[in-house]
Amino acid sequence: MASSDSEFNPDLLLAHKLPETRSTYNERDVAIYALGVGACGQDAVDSDELKFVYHENGQEHIQVLPTFVSLFSLGSLTHGLDLPGFKYDPSLLLHGQQYIEVYRPLPSKASLINKVSLAGLQDKGKAAILEIETRSYEQGSDELLCMNRTTGFLRGAGGFSNSYQPFSYKNYPSTQSLAVKIPQTQPSAVCEERTQPSQALLYRLSGDYNPLHSDPNVAKLARFPRPILHGLCTLGFAIKAIIKCICKGDPSTVKTISGRFLATVFPGETLITEMWLQGLRVIYQTKVKERNKAVLSGYVDIRGLSSSL
């Protein structure tokens, strides 16, 4: 269960300021990430995907997949946060949801200042839901580049508030809910991609070194038959499919991304992403073909496209 250095104090918690973080990335990081989410994995000269890993006029011209920004919040939950009166075991964390807003085209290299804040915390008794928001700026600029909100389900971390009035806090609009209703109509587009058996080993080079995705012994301790694919890797596959099939290959049209992780994926399985274009919103669902199981759902808000394909 959750432990604390002092009695849980909601006012103290909400007044607590989380430290800024700094990060730097370059064209090599961008290309490795793109390969990690399957770019050119089916066809090495795919014109819709080659631009994410290569440009004839030099690597500084490669384009950046919008889900790359999820890396900017990497480590906030997995390494643990110092919150007054609230502690949790990062090894018991499950990544539940990811919400992303991209405000302007992403440069192929940058040095960033990441402003981190508590976006939500709920006591669920035997578990807690913790939401961390990361707002990223290029160094020397006051213009916001992107925002990430990461939701973690923390097993064993609940029970920290008054049982008669469980603690629940959110500081973002209800319109940013991640729940979606999957349409019963035929999808506007469908994309099928097979992940590689080594997909998690490649994706981890982008910075998520959790051994659950690489070490068979750790996976067995977590009651999985073998290492599982990172949820954010699955999200990268899905959004890449939407860019290719709906956005005419242009990543700059992506404005908002939401993803809710429903089940695990094993490297080597085939992902089928179904997409429904509704005005300037794409509802999507990703399934594992071999098990016919939904593993991810969400929506993408886009810029400047017509309401029909």
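Everything numeric in this text was worked out from a predicted model, so none of it was measured.
Hydrophobic clustering (side-chain heavy atoms under 4.5 Å, transitive across Ile, Leu, Val, Met, Phe, Trp, Tyr) keeps Leu35 apart from Leu74. No continuous path of hydrophobic side-chain contacts links Tyr54 to Val30 [ILVMFWY only; heavy atoms under 4.5 Å]. One hydrophobic cluster, built from ILVMFWY side chains closer than 4.5 Å, holds both Ile62 and Leu106. Placement of Val69 and Ile257 within a single hydrophobic cluster is found when ILVMFWY residues are connected by side-chain heavy-atom separations under 4.5 Å, directly or transitively. In terms of hydrophobic clustering, with Ile, Leu, Val, Met, Phe, Trp and Tyr side chains grouped at heavy-atom distances under 4.5 Å, Val64 and Val53 are assigned to different clusters.
Of the inter-residue distances, the one linking Leu232 atom CG with Ile100 atom CD1 reads 7.5 Å to the nearest 0.5 angstrom. Distance check: Leu112 CG to Thr24 OG1 gives 7.0 Å after rounding to the nearest 0.5 Å. Atom-to-atom distance recorded for Tyr25:OH and Ser206:OG is 13.0 Å, nearest 0.5 angstrom. To the nearest 0.5 Å, the span separating CD on Glu274 from CD1 on Ile182 amounts to 8.0 Å. The line from CD of Gln63 to CD1 of Ile243 is 9.5 Å long, rounded to the nearest 0.5 Å. Distance check, rounded to the nearest 0.5 Å: CZ of Phe153 to OH of Tyr88 gives 14.5 Å.
Proximity of a side-chain donor or acceptor of Ser108 to a complementary backbone N or O of Glu27 within less than 3.5 Å is not detected. Formation of a donor-acceptor pair under 3.5 Å by the Asp48 side chain with backbone atoms of Gly249 is not found in this model. Under the 3.5 Å distance criterion, the side-chain polar atoms of Asp208 are matched with a main-chain donor or acceptor of Asn210. Side-chain atoms of Asp46 do not come within 3.5 Å of backbone N or O of Asp43 as any donor-acceptor pair. A donor-acceptor pair under 3.5 Å is absent between the side-chain atoms of Ser73 and the main chain of Asn148, judged by distance alone. A donor-acceptor distance shorter than 3.5 angstrom exists from the side chain of Thr195 to the backbone of Glu269, with no hydrogens or angles considered. Without hydrogens or angle criteria, Thr273 side chain to Cys191 main chain gives no donor-acceptor distance under 3.5 Å. Remark: side-chain polar atoms of Arg303 are paired, donor with acceptor, to backbone N or O of Val254 under 3.5 angstrom. Judged by distance alone, with hydrogens and angles left aside, the side-chain atoms of Gln42 form a donor-acceptor pair with the main-chain N or O of Arg194 at under 3.5 Å.
Checked against Leu121 for a side-chain contact (heavy atoms from CB on, under 4.5 Å), the options Leu14, Leu13, Ile129, Leu154 give a single hit: Leu13.
A side-chain donor from one of Thr150 and Gln98 sits under 3.5 Å from a side-chain acceptor of the other. For the 3.5 Å distance criterion, the side chains of Tyr33 and Thr67 qualify, holding a donor opposite an acceptor. If you check the side chains of Thr270 and Glu193, you find no donor sitting under 3.5 Å from an acceptor. Between the side chains of Tyr99 and Glu101, at least one donor-acceptor pair of N or O atoms lies under 3.5 Å. Side-chain contact check for Glu131 and Tyr172: at least one donor-acceptor pair (N or O, by modelled atom type) lies under 3.5 Å.
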Requested in this report: Show your working on salt bridge (Lys or Arg N to Asp or Glu O under 4.0 Å) between Lys289 and Glu192 and close with a plain yes or no.
Outcome: CA-CA 9 Å; Lys289 181 179 182 179; Glu192 179 176 320; 3.0 Å; yes
Requested in this report: Before giving the answer on side-chain hydrogen bond (donor to acceptor under 3.5 Å, both in side chains), spell out for Asn114 and Ser136 the whole-Å C-alpha distance, their side-chain angles and the decisive distance to 0.1 Å.
Outcome: CA-CA 4 Å; Asn114 305 304; Ser136 300; 2.6 Å; yes
Report task. Test side-chain contact (heavy atoms from CB on, under 4.5 Å) on Leu130 and Thr151 and set out the steps. Result -> CA-CA 6 Å; Leu130 177 61; Thr151 301; over 6 Å; no
Query - Pair Val288-Leu271, side-chain contact (heavy atoms from CB on, under 4.5 Å): steps then yes or no - result: CA-CA 5 Å; Val288 167; Leu271 300 176; 4.2 Å; yes
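Between Asp301 and Lys255, no side-chain nitrogen of the basic residue sits less than 4.0 Å from a carboxylate oxygen of the acidic one, so the salt-bridge criterion is not met. The pair Asp82-Lys87 meets the salt-bridge criterion, since a charged nitrogen lies less than 4.0 angstrom from a carboxylate oxygen. A salt bridge between Lys51 and Glu49 is absent, with no side-chain N of the basic residue lying under 4.0 Å from a carboxylate O of the acidic one. No salt bridge links Arg155 with Asp89; every basic N to acidic carboxylate O contact stays at or beyond 4.0 Å.
The closest side-chain heavy-atom distance from His230 to Pro227 is not below 4.5 Å. Here the side chains of Lys220 and Pro225 are not in contact, with every heavy-atom distance at 4.5 Å or above.
Summarising the local packing, CD of Gln139 is surrounded by more than 12 heavy atoms from other residues, nucleotides or ligands at distances under 6.0 Å. Annotation for Arg28: atom CZ does not count as buried by contact number, only 12 or fewer foreign heavy atoms lying within 6.0 Å.
With sequence neighbours left out, Phe167 forms a ring pair (Phe, Tyr, Trp, His ring centres under 6.0 Å) with Phe8.
Remark: Arg204 fails to qualify as a cation-pi partner of Tyr209 under the 6.0 Å distance and 45° angle criteria applied to the six-membered ring. Figure legend: Lys115 and Tyr137 shown as a cation-pi pair, the cationic atom lying under 6.0 angstrom from the six-membered ring centre and within 45 degrees of its axis.
Among residue pairs with one or both ends in residues 238-286, those qualifying as ring-ring contact (aromatic ring centres under 6.0 Å, His included) are His95-Phe261; sequence neighbours excluded.
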